[in-house]
2 protein chains.
Amino acid sequence: MVETQPNVETDPCGDLLDHVRRGRPAAGQDPVKRSQIIEGARRVFIDKGFEAASMNDITREASVSKGTIYVYFANKEELFEALIEEERGTIFKNMYDVLDNADDLRETLVKFGKVLALKITSAKVIQAQRTVIGASDRIPELGARFYERGPKRGHDKVAAFLDAAIERGLLRIDDVDLAAYQFTELCLAGLFRQCIFAYRTKAPGQDEIDHIVRSGVGMFLKTYGTENLAAEESHQTIAIEARP
Amino acid sequence: MVETQPNVETDPCGDLLDHVRRGRPAAGQDPVKRSQIIEGARRVFIDKGFEAASMNDITREASVSKGTIYVYFANKEELFEALIEEERGTIFKNMYDVLDNADDLRETLVKFGKVLALKITSAKVIQAQRTVIGASDRIPELGARFYERGPKRGHDKVAAFLDAAIERGLLRIDDVDLAAYQFTELCLAGLFRQCIFAYRTKAPGQDEIDHIVRSGVGMFLKTYGTENLAAEESHQTIAIEARP
DNA sequence: GTGCAATCGAACCGATTGGTTCGAATTATT
DNA sequence: AATAATTCGAACCAATCGGTTCGATTGCAC
């Protein structure tokens with residue numbers, strides 16, 4: 001009984017209704033309908049951008065009446081934010097699982113780098129990012145929030161992974177934060193900007209990504225890896241005799 | 001005489017008037033007025049995006065009548081393209097001059113990297129890029145053209161510079177194209193995405209850029225530099241190497 | 001001065017915008 | 001079947017959109 005008639009007064013999902021909660025008990029609790037609206041909004045927003053998209057388009061695309069949409073979302077901007085929030089979730093979901101498995105450092109980095117590059121440059125994700133970036137000019141908080149809960153969170157995971165590797169004596173890094181950025185950028189070398197500016201019309205293929213990532217990881221390990229370090233240091237003792 | 005009455009029939013700047021050239025002699029030849037329009041367009045487009053910007057805003061901002069604007073530019077899109085073309089020009093102008101001076105390899109790379117990072121992440125340029133990216137969803141050719149005549153051209157210059165360094169025996173690179181991308185990305189490590197998503201509200205400072213670039217250049221030279229190579233090779237001959 | 005091209009400025013076009021309202025229709029609970 | 005909640009769908013709002021037109025005004029060249 002409780003389930004059939006959603007209890008609005010004690011609804012845990014309150015943050016969705018802050019604006020609606022007035023005299024009338026708020027409708028807009030059906031998650032199915034909500035998804036339906038967002039799905040329509042996705043199609044429209046993603047391929048027209050925030051400004052060019054019209055609520056009427058979304059109405060049409062979602063097969064939901066305009067009035068209903070305004071029951072679920074206060075206005076266009078709020079609907080857009082909800083969409084982006086969901087997109088962000090699906091984009092970055094499970095992306096960092098590879099990092100939990102830490103057999104071989106090099107292969108783990110390669111595996112993760114490939115997943116990263118593949119995701120970030122996929123047509124769908126690029127379109128979504130374009131939409132967010134375009135809107136960030138007028139709604140900076142939206143872009144910031146997207147970055148914070150998406151790329152930033154991923155960056156932190158990478159940094160944590162590097163920290164663990166340092167702990168294990170596999171890496172030697174002075175600025176872990178910077179190193180994490182460097183690793184990420186090396187995996188995307190050139191791809192992100194090419195894609196985001198529509199210079200590339202198609203997402204890069206597996207083979208190309210593999211080539212880039214392996215090269216990047218090589219570069220990364222050559223700088224921060226401790227593998228060759230012992231040898232390298234023993235080597236430098238020839239030149240630097242000042243050591244006790 | 002010729003100057004006061006621009007000769008429309010043999011006008012060299014024909015591509016601007018293709019749409020106007022009908023019965024009436026085309027106006028819209030005054031470069032000053034043209035700049036005036038574009039300057040107004042810049043302010044409006046940059047801070048509202050393509051869709052949200054209105055021709056009336058531009059009219060107001062440029063202090064030019066609407067009719068006149070349409071004498072100079074066929075429509076909104078064409079005006080926007082002209083603006084972007086100009087922006088692109090000013091952004092990338094002189095950016096690569098540093099590469100012509102090739103005293104010390106490391107310092108040249110550092111110097112260039114700093115210029116690059118400083119430009120790309122400056123508030124003005126970030127805003128412009130956001131506008132282009134946002135519009136690239138609907139007008140992909142525009143983004144592609146921007147990239148092609150901007151970042152791409154720069155990338156080619158970097159690659160050429162690396163080629164020259166290889167020629168001089170200072171670098172050893174198998175995939176120069178990739179290396180050029182890697183270098184660029186290392187110089188921007190994290191900055192570009194943070195800025196473009198408005199996660200950073202301010203452009204990075206000189207000190208931060210210096211730190212990033214020096215680290216990146218170090219990484220780059222450690223991988224591709226021939227400085228330590230001789231020593232390293234004599235060392236590695238023990239362990240390696242199936243590669244030609 | 002005279003003439004003429006360029007610009008102005010305002011009105012106008014049809015279409016569309018985000019947003020609101022409300023009675024009718026639908027749906028499910030009891 | 002009765003009841004209550006929810007959604008629908010259409011009409012409506014003032015505002016704005018890009019784009020066009022045209023007569024009045026300006027300013028420069030002769």
Side-chain angles (χ1 to χ4, degrees), chain A residues 1-9 11 17 19-20 22-37 40-41 44-45 48-81 138-139, chain B residues 1-9 11 16-17 19-37 40-41 44-45 48-81 138-139:
Chain A
M1 314 167 173
V2 177
E3 198 233 328
T4 57
Q5 180 180 337
N7 190 336
V8 176
E9 297 308 316
D11 176 44
L17 314 167
H19 51 284
V20 186
R22 286 175 314 188
R24 277 298 172 84
Q29 288 305 314
D30 186 359
V32 176
K33 185 126 298 219
R34 201 183 128 97
S35 310
Q36 184 183 344
I37 296 173
V44 177
F45 276 129
K48 305 189 92 171
F50 178 74
E51 298 293 342
S54 91
M55 292 298 266
N56 292 326
D57 291 341
I58 296 172
T59 285
R60 205 175 308 117
E61 202 69 32
S63 305
V64 166
S65 88
K66 212 170 175 182
T68 303
I69 292 185
Y70 277 96
V71 169
Y72 281 81
F73 304 95
N75 50 41
K76 191 184 183 183
E77 191 168 310
E78 201 165 290
L79 171 56
F80 183 65
E81 293 207 32
R138 314 231 300 149
I139 322 172
Chain B
M1 319 161 177
V2 177
E3 200 234 329
T4 56
Q5 180 181 336
N7 189 337
V8 176
E9 299 307 315
D11 176 44
L16 282 172
L17 315 167
H19 51 283
V20 186
R21 196 173 312 193
R22 285 175 316 186
R24 277 298 171 85
Q29 289 305 316
D30 186 358
V32 175
K33 185 125 301 218
R34 201 184 127 97
S35 310
Q36 184 183 344
I37 297 173
V44 178
F45 276 128
K48 304 189 92 170
F50 178 74
E51 299 292 341
S54 91
M55 293 297 267
N56 292 326
D57 292 341
I58 296 172
T59 285
R60 207 175 307 118
E61 204 69 31
S63 305
V64 166
S65 88
K66 212 168 175 183
T68 304
I69 292 185
Y70 278 96
V71 170
Y72 281 80
F73 304 94
N75 50 42
K76 192 185 183 184
E77 192 167 309
E78 202 166 289
L79 172 56
F80 183 64
E81 293 207 31
R138 315 230 301 149
I139 321 172

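Just so it is clear: chains get the letters A, B, ... in the order the sequence lines come, proteins before strands, and each one is counted from 1. The figures here come from the full heavy-atom set of this structure, side chains too, leaving out hydrogens, waters and symmetry mates. Only a predicted model underlies this, so the values are computations on that prediction, with no experimental measurement involved.
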Qualifying residues under side chain to side chain donor-acceptor pair (under 3.5 Å), relative to [X], sequence neighbours excluded:
X       : value
B/Lys33 : none
B/Lys76 : none
A/Ser65 : A/Thr68

_Base versus backbone protein contacts along nucleotides 8-24 of chain C [heavy-atom cut-off under 4.0 Å; B, S, -]_ = BB-------SBBB----

_Residues which pass side chain to side chain contact (heavy atoms under 4.5 Å, CB included) with B/Ala52, listed by chain and number, not counting sequence neighbours_ =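 B/Ala52 satisfies side chain to side chain contact (heavy atoms under 4.5 Å, CB included) with A/Glu51, A/Arg138, B/Lys48 once adjacent residues are dropped.
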
*With sequence neighbours excluded, what pairs up with A/Lys66 under the side chain to side chain contact (heavy atoms under 4.5 Å, CB included) test?*
A/Met55, A/Asn56, A/Thr59, A/Tyr70

*Look at A/Tyr72 and D/dT7 and indicate whether a side-chain polar atom (N or O) is within less than 4.0 Å of OP1 or OP2.*
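For A/Tyr72, the contact criterion (side-chain N or O under 4.0 Å from OP1 or OP2 of D/dT7) is met.
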
*Taking atom P of D/dT20 as reference, at what distance in whole Å does atom CZ of B/Phe73 sit?*
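So the two atoms are 15 Å apart, to the nearest Å.
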
